[in-house]
2 protein chains.
Amino acid sequence: MNKEKQKKLEKNGWKIGTTKEFLGLTDEEASYIELKLKLSANLKRVRTERKLTQVELARIIKSSQSRVAKLETGDPSVSLDLIIRSLLALGTSKKDIARTISS
Amino acid sequence: MNKEKQKKLEKNGWKIGTTKEFLGLTDEEASYIELKLKLSANLKRVRTERKLTQVELARIIKSSQSRVAKLETGDPSVSLDLIIRSLLALGTSKKDIARTISS
DNA sequence: TAAATATATGTCATATCTGACATATACGCA
DNA sequence: TGCGTATATGTCAGATATGACATATATTTA
């Protein structure tokens, strides 16, 4: 996949028009990235709601603080698998995950 | 993660009690696997509805027939990322994906 | 303000996922 | 039955994701 495009995408809040057309993403690519970003944002929301630090979450999911940071900032190196597993580890229900996806 | 457990899980239709307790999975593991299996089954459903062969789907997602077979049989070697991307490539909406997840 | 705490970024060796290939099995249908 | 077509399974080299670490940058607290 296209790491560079996604990296760019995550940084520009100043765009004119959609980032999708700016970067020339296909519909699938755009949807996929959008999905990941939504779930990442949700993960951060859930963690902070639970008043956990990134270090604490890292312990729970048996990872590291740096990876949690990457999870939450939508770093292109993180997989949907890890995002979903982290959400599940925090007790997020399937219904909530579904809600986030279709929102 | 635990490939062997999942591999077992996918084969036994004859279990007594839940596979989860039989295999000693944690709640997160069980939910995660269940999620993947649901989405895999959905992918197969969508493909056959569209009257596509595995070879044709493989072309669309730029993969191979064998990987498509693995996608659809819930092989432990396939990621959620690939399942989701395949569904998106077939035009499945986020709403539909969400429905599958919370079903 | 400074120090403490939390989060972000960069890098890397290793683990896991990937497409591709060979080959096996299943399912028609003549 | 055998033959054509579709799907499943096994393997592997190369690609991508991973946890861990160092370190930079925010953010909070005294």
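Computed over heavy atoms, backbone and side chain alike; hydrogens, waters and symmetry mates excluded. We name chains A, B, ... by the order of the sequence lines, and we start the count at 1 in each one.
Residue B/Glu72 places no side-chain atom within donor-acceptor reach of the base of D/dA8, judged by atom type and a 3.5 Å distance cut-off alone. Contact of B/Gln65 with D/dA8 (side chain to base): a donor-acceptor pair of N or O atoms is detected under 3.5 Å. Checked by distance alone, B/Lys70 brings no side-chain donor or acceptor within 3.5 Å of a matching partner on the base of C/dG19.
Salt bridge B/Glu34/A/Lys94: present, at least one basic N to carboxylate O contact under 4.0 Å.
Note on B/Ser79: every side-chain N or O is 4.0 Å or more away from OP1 and OP2 of C/dC17. Here A/Arg67 does not reach the OP1 or OP2 of C/dT9: none of its side-chain N or O atoms lies under 4.0 Å away.
Across every non-hydrogen atom of A/Leu87 and A/Leu43, the tightest pair is CD2-CA, 3.7 Å. Taking all atoms of both residues into account, the shortest heavy-atom contact from B/Glu72 to B/Leu57 is OE2-CD2, 4.4 Å. Nearest heavy atoms, B/Lys38 versus B/Thr100: CD-O, 3.4 Å.
Residue A/Arg59 qualifies as open at atom CZ: its count of foreign heavy atoms under 6.0 Å is 12 or below.
Residue B/Ser66 places its side chain closer to C/dA20 than to any other of D/dA8, C/dA20, C/dG19. Which of D/dT7, C/dT18, D/dT18 sits closest to the side chain of A/Ser77 comes down to D/dT18. The listed nucleotides are D/dT18, C/dA8, C/dG19; the one nearest the side chain of B/Ser63 is C/dG19. Of all nucleotides listed (C/dT18, C/dT7, D/dT18), C/dT7 comes nearest to the side chain of A/Lys44.
Rounded to whole Å, the distance from CD on A/Glu56 to P on C/dA6 is 8 Å. As rounded to whole Å, 14 Å separates atom P of C/dA6 from atom CG of A/Leu57. Regarding A/Leu71, its CG atom lies at a distance of 13 Å from the P atom of C/dT9, rounded to whole Å. Between the CZ atom of A/Arg45 and the P atom of C/dT7 there is a distance of 16 Å, given to the nearest Å. Rounded to an integer number of Å, the gap from CG of B/Asp81 to P of D/dA15 is 19 Å. Computed from coordinates, the B/Leu43 CG to D/dA8 P distance equals 11 Å when rounded to whole Å. Per the geometry, CD1 belonging to B/Ile83 stands 12 Å off P belonging to C/dG19, to the nearest Å. One can place CG of B/Leu82 at 14 Å from C1' of D/dA17, the figure rounded to the nearest angstrom.
Using a 4.5 Å heavy-atom threshold, the side chains of A/Ile97 and A/Ile101 count as touching. Looking only at side-chain heavy atoms (C-beta outward), A/Glu28 and A/Ser31 stay at 4.5 Å or farther from each other.
Note: A/Ser77 OG to A/Leu71 CG = 8.5 Å, rounded to the nearest 0.5 Å.
A/Ser64 comes within 4.0 angstrom of a base, heavy atoms only. Among the atoms of the strands shown, none is found under 4.0 Å from any heavy atom of A/Val68.
For the helix from C/dT1-D/dA30 to C/dA30-D/dT1, the rotation axes defined at the first and last 5 base pairs enclose an angle of 50°, given to the nearest 10°.
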